[in-house]
Amino acid sequence: MCGIIGIVGKSRVNQALYDGLTMLQHRGQDAAGIVTCDEDRLFLRKNNGLVRDVFQTRHMLNLRGNMGIGHVRYPTAGCESSAEAQPFYVNSPYGITLAHNGNLTNADALKQDLFREELRHINTDSDSEVLLNVFAYELHKLNKLQINHKDIFKAVRAVHQRCRGAYAVVAMITCVGIVAFRDPYGIRPVVFGKRETKAGTEYMVASESVAIDVLGFKLIRDIAPGEAIFIDANGKFYNQQCADNPKYTPCIFEHVYMARPDSIIDKISVYKARLRMGKTLAKKILRLYPKHDIDVVIPIPDTSRTAAVQLAHHLGLKYREGFVKNRYIPRTFIMPGQKMRKKSVRQKLNAINLEFKNKNVLLIDDSIVRGTTCKQIIQMARDAGANKVYFASAAPPVRYPNVYGIDMPSVNELLAHNRTTEEIAKLIGADWLVYQDLEDLIACARKGNKSLKQFDTSCFSGDYVTGDVDQAYLERLELNRNDMAKTKRQDKDIENLDLHNAN
């Protein structure tokens with residue numbers, strides 16, 4: 001999961017890009033980058049860290065121009081060093097920069113093709129650099145000194161034919177304009193909007209509508225699966241469907257956890273979808289435990305709050321904030337190494353004892369991935385004096401890896417893989433555990449946009465919508481994603497840093 005943004009404006013866009021990235025910070029806390037274009041020059045700043053840490057005043061002053069793109073990133077499989085911060089750049093043809101959210105499932109094969117047949121060198125392990133070079137090569141094949149929107153759409157069509165997996169992309173072609181496109185399945189989100197100024201119309205592309213809203217742009221719509229939009233340097237807008245057989249199957253985990261509740265994704269209010277998740281989860285609890293003895297409902301902050309409020313309402317129970325969150329600790333399920341994760345949970349949350357003492361507590365979380373966090377939280381509730389601790393997940397059991405841009409653990413590190421609900425409850429220390437049913441989760445999302453017939457639910461169902469994910473691919477992914485592999489890469493980065501400092 002990453003966040004992308006692009007703006008074609010009538011005045012300097014550096015501050016708007018910065019502000020937009022802060023609205024997308026939840027989508028990536030590992031690295032951030034902005035590149036702008038002023039006449040025929042590009043100005044780039046990117047590094048590891050949060051947006052506020054990467055960009056200082058001197059960097060902002062240097063980001064000149066009325067057109068630019070930006071990115072916030074967290075590391076996916078095989079992609080953890082500062083060298084892979086985005087946007088990426090290639091000088092040929094024209095000078096192209098690109099930012100990408102998603103994951104190419106055929107990146108290794110593409111990388112070989114680019115080197116052997118197209119003589120292009122890929123300098124990192126990032127599939128985003130692969131995608132950029134595929135796009136650049138398809139433009140280069142046109143052999144034109146000046147290109148227009150038709151040429152760009154032709155190149156995007158070729159990208160769709162060559163690339164597999166999930167990708168939401170924003171790219172800037174020096175002096176030409178900004179292009180944004182979405183894979184033919186529409187797995188990862190991307191929207192665009194516009195605003196009118198005295199100088200003319202400005203356009204903006206972003207992963208989520210919240211960035212569009214906050215910057216005063218009017219949300220137009222989502223980019224459709226397989227569609228590309230292009231805004232030239234003068235602000236003229238073009239769009240075209242570039243895929244032969246697009247199928248609308250967006251990732252449902254965006255609504256469970258990834259997206260901000262104030263975003264609209266694929267015409268679905270994330271907030272309302274989560275309210276519906278709370279309602280359906282309450283109904284299931286009443287079916288399974290009609291004579292429950294729950295005293296209070298407490299969310300595990302922050303993503304589960306919306307569902308927990310609605311769940312408590314439908315159960316007729318008190319809703320209380322029982323945990324205080326330290327907002328300066330990053331998400332735990334993407335941290336390398338189990339020891340670091342265990343330590344960070346205690347640093348991240350602290351229980352308010354009076355909300356737990358002598359009570360039967362129902363804890364609500366958006367999902368359970370590894371189970372390390374919820375096990376510690378349940379113990380925290382008991383340490384705070386709870387008589388009984390029940391647990392409910394607003395999402396179904398996460399049993400399979402996500403291969404489309406969410407760096408979930410390897411399959412053997414997923415708590416629910418090959419385990420029953422009862423076994424999981426025992427492992428995390430809950431008196432009982434209830435999961436959302438997958439059919440109910442789909443219904444909660446679809447109610448916001450009934451034209452959507454299917455979602456990517458692969459992490460729950462094991463069904464991969466692109467049809468190209470086999471056991472061999474999952475085994476290779478396992479080698480990159482397990483804790484041991486991540487620790488080795490982390491140790492290598494530290495060793496390289498020590499050598500650099502020594503020299």
Side-chain angles (χ1 to χ4, degrees), residues 1 187 249-259 261 265-266 268 270 272-289 297 299-300 303-308 310-311 314-315 331 333 362-375 377-378 390-428 430 432-448 452-465 469 474:
M1 182 187 68
I187 298 172
T249 54
C251 175
I252 204 165
F253 207 72
E254 291 281 352
H255 296 282
V256 171
Y257 176 65
M258 295 300 181
I265 294 178
D266 298 305
I268 300 169
V270 176
K272 288 188 176 181
R274 290 177 184 168
L275 286 176
R276 291 189 286 267
M277 291 175 204
K279 182 177 179 179
T280 55
L281 190 57
K283 290 180 178 180
K284 183 173 182 180
I285 290 172
L286 289 174
R287 287 198 309 270
L288 295 176
Y289 302 100
V297 174
I300 297 173
T303 322
S304 63
R305 280 196 174 104
T306 308
Q310 195 75 338
L311 182 145
H314 281 273
L315 292 180
R331 287 171 167 166
F333 87 82
L362 173 60
L363 300 181
I364 309 296
D365 207 352
D366 52 78
S367 59
I368 303 172
V369 182
R370 294 177 185 264
T372 309
T373 300
C374 59
K375 182 177 181 179
I377 290 172
I378 289 169
Y390 308 119
F391 205 94
S393 167
V398 177
R399 303 189 188 278
Y400 306 94
N402 183 292
V403 303
Y404 298 130
I406 301 174
D407 190 26
M408 286 182 174
S410 65
V411 65
N412 293 318
E413 294 168 351
L414 295 171
L415 182 66
H417 185 68
N418 288 335
R419 289 192 177 99
T420 66
T421 301
E422 292 72 23
E423 289 172 334
I424 297 167
K426 186 175 181 180
L427 283 170
I428 64 176
W432 51 249
L433 166 67
V434 174
Y435 279 105
Q436 184 89 259
D437 291 331
L438 180 56
E439 296 78 10
D440 286 339
L441 176 63
I442 293 170
C444 289
R446 272 203 71 220
K447 191 171 183 180
L452 284 173
K453 304 300 181 184
Q454 185 182 357
F455 290 87
D456 166 51
T457 61
S458 53
C459 60
F460 307 122
S461 64
D463 296 325
Y464 297 96
V465 297
V469 178
L474 293 175

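The residues of the chain are indexed from 1 along the displayed sequence.
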Could you give the distance from [atom1] ([X]) to [atom2] ([Y]), rounded to the nearest 0.5 Å?
X      : Y      : atom1 : atom2 : answer
Lys426 : Ile424 : NZ    : CD1   : 13.5 Å
Ile265 : Met258 : CD1   : CE    : 11.0 Å
Ile377 : Ile300 : CD1   : CD1   : 4.0 Å
Tyr400 : Asp463 : OH    : CG    : 8.0 Å

Residues, nucleotides or ligands: over 12 heavy atoms within 6.0 Å of Lys284 NZ: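 Correct, the count exceeds 12.
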Checking Asp456 now: which residues fulfil side-chain hydrogen bond (donor to acceptor under 3.5 Å, both in side chains) with it, not counting sequence neighbours?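 So Asp456 forms a side-chain hydrogen bond (donor to acceptor under 3.5 Å, both in side chains) with Ser458.
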Could you tell me which residues satisfy side-chain hydrogen bond (donor to acceptor under 3.5 Å, both in side chains) with Thr249, sequence neighbours excluded, listed by chain and number?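 Once residues adjacent in sequence are excluded, Thr249 has no partner under the side-chain hydrogen bond (donor to acceptor under 3.5 Å, both in side chains) criterion.
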Between [X] and [Y] (side chain of the first, backbone of the second, donor and acceptor by atom type, cut-off under 3.5 Å), is there such a pair?
X      : Y      : answer
Asn402 : Tyr404 : yes
Thr457 : Phe460 : no
Glu254 : Cys251 : no
Gln436 : Ala394 : yes

Do [X] and [Y] have side-chain heavy atoms sitting under 4.5 Å apart?
X      : Y      : value
Val434 : Trp432 : yes
Met408 : Pro401 : no
Arg446 : Phe455 : yes
Leu311 : Lys279 : no
Ser461 : Leu438 : yes
Lys447 : Lys272 : no
Arg419 : Leu427 : yes

For [X] against [Y], the heavy-atom pair lying closest together:
X      : Y      : result
Ile442 : Ile252 : CA-CD1, 3.8 Å
Arg399 : Val411 : O-CG2, 3.7 Å
Arg370 : Leu415 : O-CB, 3.2 Å
Leu281 : Tyr435 : CD1-C, 4.0 Å
Arg274 : Ala259 : NH2-O, 2.8 Å
Arg276 : Ile268 : NH2-CG2, 4.3 Å

Assess the residue pair Ser304 and Tyr257 against the criterion (side-chain contact (heavy atoms from CB on, under 4.5 Å)); give the C-alpha distance rounded to whole Å, side-chain angles, the decisive distance to 0.1 Å, and a yes or no. CA-CA 8 Å; Ser304 63; Tyr257 176 65; over 6 Å; no
List the steps, then state whether side-chain contact (heavy atoms from CB on, under 4.5 Å) holds for Thr280 with Leu441. CA-CA 8 Å; Thr280 55; Leu441 176 63; over 6 Å; no
side-chain contact (heavy atoms from CB on, under 4.5 Å) between Ile406 and Cys459, worked out: CA-CA 10 Å; Ile406 301 174; Cys459 60; over 6 Å; no
Please report the C-alpha distance between Ser367 and Val256 in whole Å, then the side-chain angles of each, then the deciding distance to 0.1 Å, and finally whether the side-chain contact (heavy atoms from CB on, under 4.5 Å) criterion is met. CA-CA 8 Å; Ser367 59; Val256 171; 4.3 Å; yes
Take Asp437 and Arg287 through the salt bridge (charged side-chain N to carboxylate O under 4.0 Å, His left out) test and state the conclusion after the steps. CA-CA 13 Å; Asp437 291 331; Arg287 287 198 309 270; 3.8 Å; yes
Could you point out which residue of Leu362, Ile364, Ile368 forms a side-chain contact (heavy atoms from CB on, under 4.5 Å) with Phe391?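 Considering Leu362, Ile364, Ile368, a side-chain contact (heavy atoms from CB on, under 4.5 Å) with Phe391 is found only for Ile368.
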